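Here is the naming used below: chain letters follow the sequence lines, and residue numbers restart at 1 for every chain. Bear in mind the structure is a predicted one, so any value in this text is a computation, not a measurement.
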Protein chains: 2
Amino acid sequence: MTNNPTRSQMRIDRILKRLNRAISAQELYTELRQANQSMGLATIYRSLEALKIQGQVQVRMLPNGEALYSSAQQQDQHHLTCVNCGTSIPIDECPVHNLETELENTHKFKVYYHTLEFFGLCSLCQLAAE
Amino acid sequence: MTNNPTRSQMRIDRILKRLNRAISAQELYTELRQANQSMGLATIYRSLEALKIQGQVQVRMLPNGEALYSSAQQQDQHHLTCVNCGTSIPIDECPVHNLETELENTHKFKVYYHTLEFFGLCSLCQLAAE
DNA sequence: TTTAATGCAAATACTTTGCAGGAAA
DNA sequence: TTTCCTGCAAAGTATTTGCATTAAA
């Protein structure tokens with residue numbers, strides 16, 4: 001935390017800030033490689049882990065066990081995810097900011113970010129289910 | 001969906017309903033084995049998948065990529081999770097029910113359940129960070 | 001020179017899939 | 001008999017770790 005950021009951390013932080021979407025470690029690895037700016041996969045994971053602990057980076061776990069990383073500066077982004085087909089629809093609403101402040105006080109917990117995801121059946125899968 | 005539940009699905013559904021907490025597939029496997037009611041790991045995963053699609057079971061992904069399953073009848077349970085030490089504190093509050101109904105209407109999406117998790121630093125890790 | 005960061009490869013852990021045997025209809 | 005379920009073992013995937021190398025201080 002008091003630690004100086006490494007070069008890799010700074011590179012990744014910069015990329016995530018430019019990019020306006022969440023990206024997986026694997027994808028980051030592939031993209032960097034294609035751009036001839038390769039970075040070892042282990043380094044990518046280690047950097048993301050460090051940035052996460054510093055609160056620079058948010059993580060969202062997909063139902064398949066893959067982690068998606070994005071800059072903490074990114075706006076809240078939540079989703080409706082279909083448990084059947086996996087389709088994920090981004091939504092704009094987010095009703096939890098007040099609660100966040102409240103939790104920081106009652107639990108003396110410094111909240112970096114939150115994840116809010118809805119799971120169920122998309123309209124297509126509801127039809128297919130009949 | 002129109003499918004009849006298998007024996008395994010019914011067994012697992014029953015267990016999850018009794019149990020008042022979320023459990024991983026691996027733990028379920030171990031517990032059943034110890035209770036001399038073994039079930040193959042593949043069957044456990046397949047049953048959980050089916051129950052999930054039917055909306056009988058909720059899933060929450062842990063930051064380590066492990067999935068925690070619980071009965072859909074279970075009450076909402078959300079957490080404050082420390083990005084540093086991994087400690088997870090259950091919280092009671094949940095401000096998203098109205099939104100859920102709203103989303104069902106605007107997106108024609110049948111919401112089974114949602115996950116809401118807060119990430120940051122617990123009080124201890126805040127101290128350690130200085 | 002001393003310390004810390006990096007990359008590669010091996011190891012880990014969870015989950016999924018292929019397939020043969022077995023139970024139910 | 002026919003269909004579906006189940007278990008085992010093998011494969012797949014994301015992630016972590018050990019260690020030798022390299023870069024920075």
Side-chain angles (χ1 to χ4, degrees), chain A residues 1-16 22-54 56-70 81 83-86 119, chain B residues 1-16 22-54 56-70 81 83-86 119:
Chain A
M1 205 92 44
T2 322
N3 294 340
N4 304 358
T6 65
R7 281 159 313 230
S8 304
Q9 283 171 39
M10 288 190 289
R11 275 178 66 196
I12 291 187
D13 192 40
R14 220 174 313 119
I15 293 168
L16 290 181
I23 189 173
S24 70
Q26 302 284 344
E27 197 184 343
L28 205 43
Y29 175 74
T30 310
E31 296 282 344
L32 282 170
R33 165 169 293 259
Q34 286 177 352
N36 273 93
Q37 304 181 232
S38 292
M39 187 184 297
L41 202 42
T43 304
I44 292 179
Y45 278 108
R46 284 188 278 237
S47 301
L48 287 170
E49 173 68 16
L51 291 169
K52 180 184 81 175
I53 293 177
Q54 293 160 208
Q56 302 296 119
V57 154
Q58 312 185 189
V59 191
R60 168 167 82 104
M61 294 301 299
L62 297 183
N64 68 5
E66 194 178 18
L68 251 42
Y69 302 84
S70 58
T81 300
V83 294
N84 191 57
C85 68
F119 296 92
Chain B
M1 208 91 46
T2 322
N3 294 339
N4 304 358
T6 65
R7 278 151 289 151
S8 305
Q9 284 170 39
M10 289 190 289
R11 275 178 67 194
I12 290 187
D13 192 40
R14 221 174 312 119
I15 292 168
L16 290 182
I23 188 174
S24 70
Q26 302 284 343
E27 197 183 344
L28 205 43
Y29 174 75
T30 310
E31 295 283 344
L32 283 170
R33 165 168 292 258
Q34 285 178 353
N36 274 93
Q37 304 181 231
S38 293
M39 187 183 296
L41 201 43
T43 304
I44 292 180
Y45 277 109
R46 284 187 279 236
S47 301
L48 287 169
E49 173 69 15
L51 291 169
K52 179 185 82 175
I53 293 177
Q54 293 159 209
Q56 302 295 120
V57 154
Q58 311 185 191
V59 191
R60 168 166 83 104
M61 294 301 299
L62 297 182
N64 69 5
E66 194 177 18
L68 252 40
Y69 302 84
S70 58
T81 301
V83 295
N84 190 59
C85 68
F119 296 92

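- When each of B/Pro5 and B/Tyr29 is assigned the nucleotide of DNA chain D bearing its nearest heavy atom, the one mapping closer to the 5' terminus is B/Pro5.
- Straight-line distance from the CD1 atom of A/Ile12 to the P atom of C/dG7: 10 Å, rounded to whole Å.
- Interface limits on DNA chain D: the 5'-most and 3'-most nucleotides within less than 4.0 Å of chain B heavy atoms are D/dC5 to D/dC8.
- Atom P of nucleotide C/dT16 and atom CG of B/Leu48 are separated by 10 Å, given to the nearest angstrom.
- Partners of A/Arg14 by side-chain contact (heavy atoms from CB on, under 4.5 Å), not counting sequence neighbours, listed by chain and number: A/Met10, A/Arg11, A/Arg18.
- The interatomic distance linking A/Leu62 (CG) with C/dT15 (C1') rounds to 15 Å, in whole Å.
- One can place CE of A/Met10 at 11 Å from P of C/dA5, the figure rounded to the nearest angstrom.
- Pairs engaging residues 43-52 of chain B under the salt bridge (Lys or Arg N to Asp or Glu O under 4.0 Å) rule: B/Glu49-B/Lys52 [sequence neighbours left out].
- Here B/Ser24 lies out of heavy-atom contact (under 4.0 Å) with every strand.
- At a threshold of 4.5 Å between non-hydrogen side-chain atoms, the residues B/Leu48 and B/Leu16 count as touching.
- Considering all non-hydrogen atoms of both residues, B/Val59 and B/Ala67 come closest at CG1-CB, 3.8 Å.
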Summary of protein contacts for nucleotides 19-25 of chain C, nucleotide by nucleotide, where a base hit scores B, a sugar-phosphate-only hit scores S (4.0 Å, heavy atoms): ----SS-

For residues 27-43 of chain B, tabulate all N or O donor-acceptor pairs below 3.5 Å that involve a side-chain atom, not counting sequence neighbours.
unit_1: B/Glu27; atom_1: OE2; unit_2: B/Arg21; atom_2: NH1; d: 3.4
unit_1: B/Glu27; atom_1: OE2; unit_2: B/Arg21; atom_2: NH2; d: 2.9
unit_1: B/Tyr29; atom_1: OH; unit_2: B/Arg33; atom_2: NH2; d: 2.9
unit_1: B/Thr30; atom_1: OG1; unit_2: B/Gln26; atom_2: O; d: 3.0

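- Here the straight-line distance linking atom OG1 of B/Thr6 with atom CD1 of B/Ile12 works out to 8.0 Å at 0.5 Å rounding.
- Across all strands, B/Glu66 comes closer than 4.0 Å only to sugar-phosphate atoms, never to a base (heavy-atom distances).
- Remark: A/Ser8 is not in phosphate contact with C/dA5, judged by side-chain N or O atoms under 4.0 Å from OP1 or OP2.
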Starting from the C-alpha separation in whole Å, work towards a yes-or-no answer on side-chain contact (heavy atoms from CB on, under 4.5 Å) for A/Gln9 and A/Gln54. CA-CA 11 Å; A/Gln9 283 171 39; A/Gln54 293 160 208; 3.3 Å; yes

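- Looking at residues two or more places apart in sequence or on another chain, you find no salt bridge (charged side-chain N to carboxylate O under 4.0 Å, His left out) involving B/Glu66.
- When heavy atoms are screened at a 4.0 angstrom cut-off, A/Thr6 is found touching the sugar-phosphate backbone but no base atom.
- Nearest-nucleotide positions on DNA chain C for A/Ile44 and B/Gln26 put A/Ile44 closer to the 5' end.
- Atom CG of A/Asn64 and atom C1' of C/dC14 are 12 Å apart (whole Å).
- Remark: B/Phe119 engages A/Tyr113 in a ring-ring contact (aromatic ring centres under 6.0 Å, His included) (not counting sequence neighbours).
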